[in-house]
Trainee: 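Take this structure, written in structure tokens, and hold onto it; I'll ask about it next.
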Amino acid sequence: MAIRSLFSKKKEDGQEKGFPEGLITKCPECRHIQLTKELEKNHKVCTKCDHHFKMTAQERVTYFLDEGSFVSMDDHLQTSNPLNFPDYVEKISVAKQQTGLSEAVLTGLGTLDGEEIVVAIMDSHFRMGSMGSVVGEKITRAVEKAIELRVPVIIFSASGGARMQEGILSLMQMVKTSVELKRHSEEGLLFISIMTHPTYGGVSASFASVGDINIAEPQALIGFAGRRVIEQTLREKLPNDFQKSEFLLAHGQLDAIFHRKDLRNQVAMLVKMHTKGGVQHV
Amino acid sequence: MSKNLAFEEPVVQLREKIDELKTIATEADVDMTSEIEKLETRLSQLEQSIYANMKPWDRVQVARHPERPTTLQYIEAMCENFIELHGDRTFGDDAAILGGIALFEEQPVTIVGHQRGKSTKENIRRNFGMPHPEGYRKALRLMKQAEKFKRPIICFIDTKGAYPGKAAEERGPSEAIARTLSEMAILTVPVISIVIGEGGSGGAIALGVANRVFMLENSTYSVISPEGAASILWRDGSLGKQAAEAMRITAPDLKELDVIDGIIPEITGGAHRNVAKQASYIKECISVTLKALNSLNGEQLIEDRYEKFRKIGQYTEV
Ligand SMILES: [Zn+2]
């Protein structure tokens with residue numbers, strides 16, 4: 001579950017020197033320079049090449065849910081340092097300051113085109129979206145809430161995998177989250193997993209892969225082992241599209257890839273098709 | 001890798017010295033009983049202090065010992081009439097995971113476990129016990145089969161991890177592991193998992209959603225290998241020893257963290273020193289645990305498993 005190798009060397013935020021900060025953004029894929037305001041209006045998708053920039057959890061809330069509908073849950077859960085790992089506490093407090101989040105996932109209730117749902121939105125800007133005890137617990141509690149309210153769960157994944165500094169406790173969050181989602185599933189409730197760039201390791205090998213419907217954004221890197229780890233093992237070059245969503249779709253591992261301009265509407269439609277219910281036998 | 005490990009070198013040397021003395025005593029026909037006795041007392045004291053104070057890195061070495069007993073060896077020592085069943089019915093048969101039905105104290109059980117090889121040739125065939133997706137799919141198929149016929153399931157965990165390869169990624173290791181985790185959650189039969197060697201990452205935990213999880217005394221169970229952790233955290237893969245300590249990967253660590261239910265003691269010096277005896281310790285543990293779990297019905301077993309994993313994790317609520 002190598003985290004380091006997942007993140008491209010390209011400068012993701014694309015800020016250009018010599019301009020007032022934040023005014024313009026350069027696309028890391030096609031080098032196109034665009035007004036940040038235009039980019040944001042386009043849901044952070046490059047206006048020239050369709051590159052999907054990473055979104056923060058807050059940006060996802062604004063983009064995805066009905067305006068003003070989101071109610072955050074479990075922000076009082078705070079990361080401790082169960083293994084007394086050196087520097088861990090400091091790293092977490094830096095990440096908190098940088099992102100304004102309490103941990104690498106934001107969970108809560110909201111409505112999507114009027115449909116009540118529970119969402120969990122991971123943010124790779126917080127310690128590479130890695131999953132430790134708090135991330136696992138927040139997702140599990142969110143799913144419990146969905147079972148209680150009998151509503152669908154939608155999870156946006158963005159993670160390098162398990163959090164090293166919590167050791168085995170991080171690994172066990174894979175079980176905890178998957179088992180809770182199984183309970184939700186056994187209740188006949190809908191889980192849509194939306195994998196965004198990047199989704200790897202312990203997140204990809206647990207809740208992110210067991211959606212009733214598994215969706216990804218275009219060109220997102222999704223896999224179990226990191227590309228660099230595989231290259232070191234095989235000593236051979238991997239194809240360019242390796243572990244991209246299109247590669248996964250071609251290998252039967254995804255239900256669909258939705259462009260960000262369609263994602264919200266398509267997922268809203270899927271939710272409606274499920275809440276409407278199936279055939280009533282008489 | 002030599003058969004003896006660095007940390008146990010003093011014991012080995014003293015044992016050799018005693019053997020030498022015994023040979024001399026026999027050949028020269030002199031009575032050296034008291035000298036030998038003295039040395040043997042010292043040996044047992046030395047063994048005590050060395051093996052009772054094993055550092056995490058020492059345990060990693062024992063867990064990786066080339067002679068360390070494998071799943072198949074334990075099955076053969078514990079059970080009668082093991083019949084191996086192959087394949088995931090979809091793609092292939094992964095030799096890195098072994099499964100089948102056996103009689104355990106006259107009770108039919110399904111056993112699934114990672115399988116390393118003992119020789120280089122067998123290790124290549126078994127991919128060093130590192131499964132591809134079809135291995136997990138076979139494991140799950142056999143567990144479902146066990147459930148249908150109300151057989152308890154015993155899992156042996158012994159892998160460095162799921163194989164990180166191109167072909168593996170094409171077939172969805174994430175989905176295979178995730179599916180196994182979530183389906184094991186709702187099995188209506190008792191499930192016992194025992195970490196017998198290395199329990200590495202997602203590839204290990206996929207056989208670990210059990211009602212009771214045990215570890216052999218010198219096994220390890222971790223989110224990543226010590227070397228992997230060192231290279232990610234400190235950008236230096238040679239700091240495995242330090243990472244082994246910081247990551248808390250030994251059986252006593254996991255017991256303290258409330259992740260496992262118990263530790264199965266090992267033969268002094270490691271399981272490889274006496275496979276039959278080690279197998280009898282494991283057998284005893286399974287026997288007692290199965291008796292306890294057999295009193296639970298399907299629903300209770302699911303609930304029991306749920307409660308076990310639901311509470312794992314440490315955080316504060318403010
Ligand atoms: Zn572009």
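Throughout, protein chains are lettered first and strands after them, A, B, ... in sequence-line order, and every chain is numbered starting at 1. Values below: every heavy atom of this structure, side chains too, minus hydrogens, waters and symmetry copies.
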Trainee: Looking just at side-chain N and O atoms, do B:Tyr306 and A:Glu180 make a donor-acceptor pair shorter than 3.5 Å?
Mentor: yes
Trainee: Please flag which part of A:Glu231 lies under 4.5 Å from any non-hydrogen atom of chain B: side chain, backbone, both or neither.
Mentor: neither
Trainee: Is B:Arg310 paired with A:Glu137 through a side-chain N to carboxylate O contact shorter than 4.0 Å?
Mentor: yes
Trainee: Between A:Gln232 and chain B, with a heavy-atom cut-off of 4.5 Å, which part of the residue counts as in contact: side chain, backbone, both or neither?
Mentor: neither
Trainee: Taking the side chain from B:Gln314 and the backbone from A:Glu166, do they hold a donor-acceptor pair closer than 3.5 Å?
Mentor: no
Trainee: Apply the side chain to side chain contact (heavy atoms under 4.5 Å, CB included) test between A:Ser178 and each candidate in B:Ile177, B:Val209, B:Ile205, B:Leu181; give the one that qualifies.
Mentor: B:Leu181
Trainee: Can you tell which part of A:Phe247 gets under 4.5 Å to a heavy atom of chain B, answering side chain, backbone, both or neither?
Mentor: side chain
Trainee: Between A:Leu77 and chain B, which part of the residue has a heavy atom less than 4.5 Å away: side chain, backbone, both or neither?
Mentor: both
Trainee: If you round to the nearest 0.5 Å, how far is CG of A:Leu83 from CG of B:Asp253?
Mentor: 8.5 Å
Trainee: Looking at side-chain heavy atoms only, is the closest gap between B:Val223 and A:Ile168 below 4.5 Å?
Mentor: no
Trainee: Looking at A:Ser133 and B:Gly313, would you say the former's side chain and the latter's main chain have a donor-acceptor pair under 3.5 Å?
Mentor: no
Trainee: In terms of side-chain geometry, is the basic nitrogen of A:Lys244 or B:Glu169 positioned less than 4.0 Å from the acidic oxygen of its partner?
Mentor: no
